[in-house]
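All values below were derived from every heavy atom in this structure, side-chain atoms included, with hydrogens, water molecules and symmetry-related copies excluded. Just so you know, these numbers come straight off a predicted model, no measurement behind them.
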Amino acid sequence: MKRAVYVMLALAAVLLLALPFTRQAVYVSAAQLQERLSAAAEADNMQQKDEAQLCALLQIRNDAYEEAVYFGAPSYMDVEEIILLYSPAHKEELETKMQQHIERQITAFKGYGEQQTRMLEDAQVSVIGDYAVCVVSGSSATMQAVKDALR
């Protein structure tokens, strides 16, 4: 009898440990993300940008992702940006494209844009659920806003 109870408790413990890994990625529409992130973007002096600009920036085609959210700086001398690309099938490739974009920007600003270079070196590029995410900001609150928006 004791053995059966121990086995049941062990199975329950294994199931509880595995539970966080079984949760599926949350989908949030581009419109919802834009609404949720607009305040953080405005705080960093960013504005919503065109998807064609995003494709040129990352050197991708618009069929590489399903939905996109892109906030960027109003000036080419500023590097702040928030990019979220929803693509369950290609999120890792898009993450690589984002990292390459950051590296190109670092090369462009190195030597004369100290603040921009520092911000780019601190850029956060990652995959969160089914989203490839890139955040370049002087504020750590911006990445937290992105994480919160994806919940």
Side-chain angles (χ1 to χ4, degrees), residues 12-151:
V14 168
L15 288 173
L16 286 174
L17 288 173
L19 188 62
F21 299 104
T22 61
R23 192 173 134 206
Q24 292 201 355
V26 176
Y27 167 76
V28 183
S29 74
Q32 288 173 314
L33 287 171
Q34 288 168 350
E35 183 180 321
R36 293 176 184 180
L37 292 172
S38 62
E42 286 177 24
D44 274 345
N45 197 30
M46 291 184 245
Q47 52 192 225
Q48 190 171 346
K49 297 282 189 163
D50 187 287
E51 279 189 51
Q53 292 172 305
L54 176 63
C55 290
L57 189 73
L58 297 180
Q59 300 175 354
I60 60 173
R61 296 186 349 217
N62 63 356
D63 63 353
Y65 57 89
E66 293 179 28
E67 287 193 328
V69 174
Y70 176 34
F71 291 99
S75 164
Y76 288 112
M77 288 305 296
D78 295 318
V79 295
E80 293 89 345
E81 61 190 4
I82 299 171
I83 303 171
L84 292 103
L85 297 175
Y86 177 74
S87 179
H90 303 288
K91 58 188 174 249
E92 287 84 11
E93 293 96 350
L94 292 170
E95 178 188 26
T96 300
K97 288 289 192 177
M98 290 175 175
Q99 191 59 49
Q100 291 168 348
H101 159 64
I102 296 298
E103 290 166 8
R104 285 190 302 272
Q105 288 284 84
I106 290 172
T107 300
F109 280 99
K110 204 155 208 121
Y112 74 91
E114 285 184 40
Q115 181 181 3
Q116 292 92 333
T117 302
R118 259 193 320 276
M119 207 178 297
L120 288 162
E121 288 172 343
D122 293 338
Q124 298 180 23
V125 178
S126 62
V127 170
I128 301 174
D130 287 331
Y131 293 85
V133 176
C134 177
V135 176
V136 181
S137 173
S139 169
S140 61
T142 305
M143 185 60 176
Q144 188 59 49
V146 169
K147 290 177 181 176
D148 292 344
L150 288 172
R151 290 186 186 158

With a 4.5 Å heavy-atom cut-off, do [X] and [Y] have their side chains touching?
| X | Y | result |
| --- | --- | --- |
| Met143 | Val133 | yes |
| Leu120 | Val136 | yes |
| Glu95 | Gln99 | no |
| Val125 | Thr96 | no |
| Lys97 | Leu85 | no |

Q: Specify whether Tyr27 and Tyr131 have parallel, tilted or perpendicular ring planes, treating 30° as the upper limit for parallel and 60° as the lower limit for perpendicular.
A: parallel
Any chance you could measure [X], atom [atom1], to [Y], atom [atom2], to the nearest 0.5 Å?
| X | Y | atom1 | atom2 | value |
| --- | --- | --- | --- | --- |
| Asp130 | Leu84 | CG | CG | 12.5 Å |
| Lys91 | Met98 | NZ | CE | 13.0 Å |
| Glu81 | His101 | CD | NE2 | 3.5 Å |
| Ser137 | Met119 | OG | CE | 6.5 Å |
| Met46 | Thr142 | CE | OG1 | 5.0 Å |
| Lys147 | Gln124 | NZ | CD | 6.5 Å |

Q.
Test your reading of the model: is there a side-chain donor-acceptor pair from Asp50 to the backbone of Ala52, 3.5 Å cut-off?
A. yes
Q: Test side chain to side chain contact (heavy atoms under 4.5 Å, CB included) on Glu121 and Lys110 and set out the steps.
A: CA-CA 10 Å; Glu121 288 172 343; Lys110 204 155 208 121; 3.3 Å; yes
Tell me, yes or no, whether the heavy-atom count around [X] atom [atom1], taken from other residues, nucleotides or ligands under 6.0 Å, exceeds 12.
| X | atom1 | result |
| --- | --- | --- |
| Glu35 | CD | no |
| Gln115 | CD | no |
| Tyr76 | OH | no |

Would you name the heavy atoms of [X] and [Y] that are closest together and state the gap between them?
| X | Y | answer |
| --- | --- | --- |
| Ser87 | Tyr65 | CB-CA, 3.9 Å |
| Met77 | Gln116 | O-NE2, 2.7 Å |
| Ala145 | Ala40 | CB-CB, 3.8 Å |
| Val69 | Ala30 | CG2-O, 3.7 Å |
| Ser139 | Asp44 | CB-OD1, 4.2 Å |
| Asn45 | Pro74 | O-CD, 3.1 Å |

Q.
Tell me every residue that passes side chain to side chain donor-acceptor pair (under 3.5 Å) with Lys49, counting only those two or more places apart in sequence or in another chain.
A. none
Q: Start with the C-alpha distance between Tyr70 and Leu57, add both sets of side-chain angles, then the distance that settles side chain to side chain contact (heavy atoms under 4.5 Å, CB included), and finish with yes or no.
A: CA-CA 11 Å; Tyr70 176 34; Leu57 189 73; 3.3 Å; yes
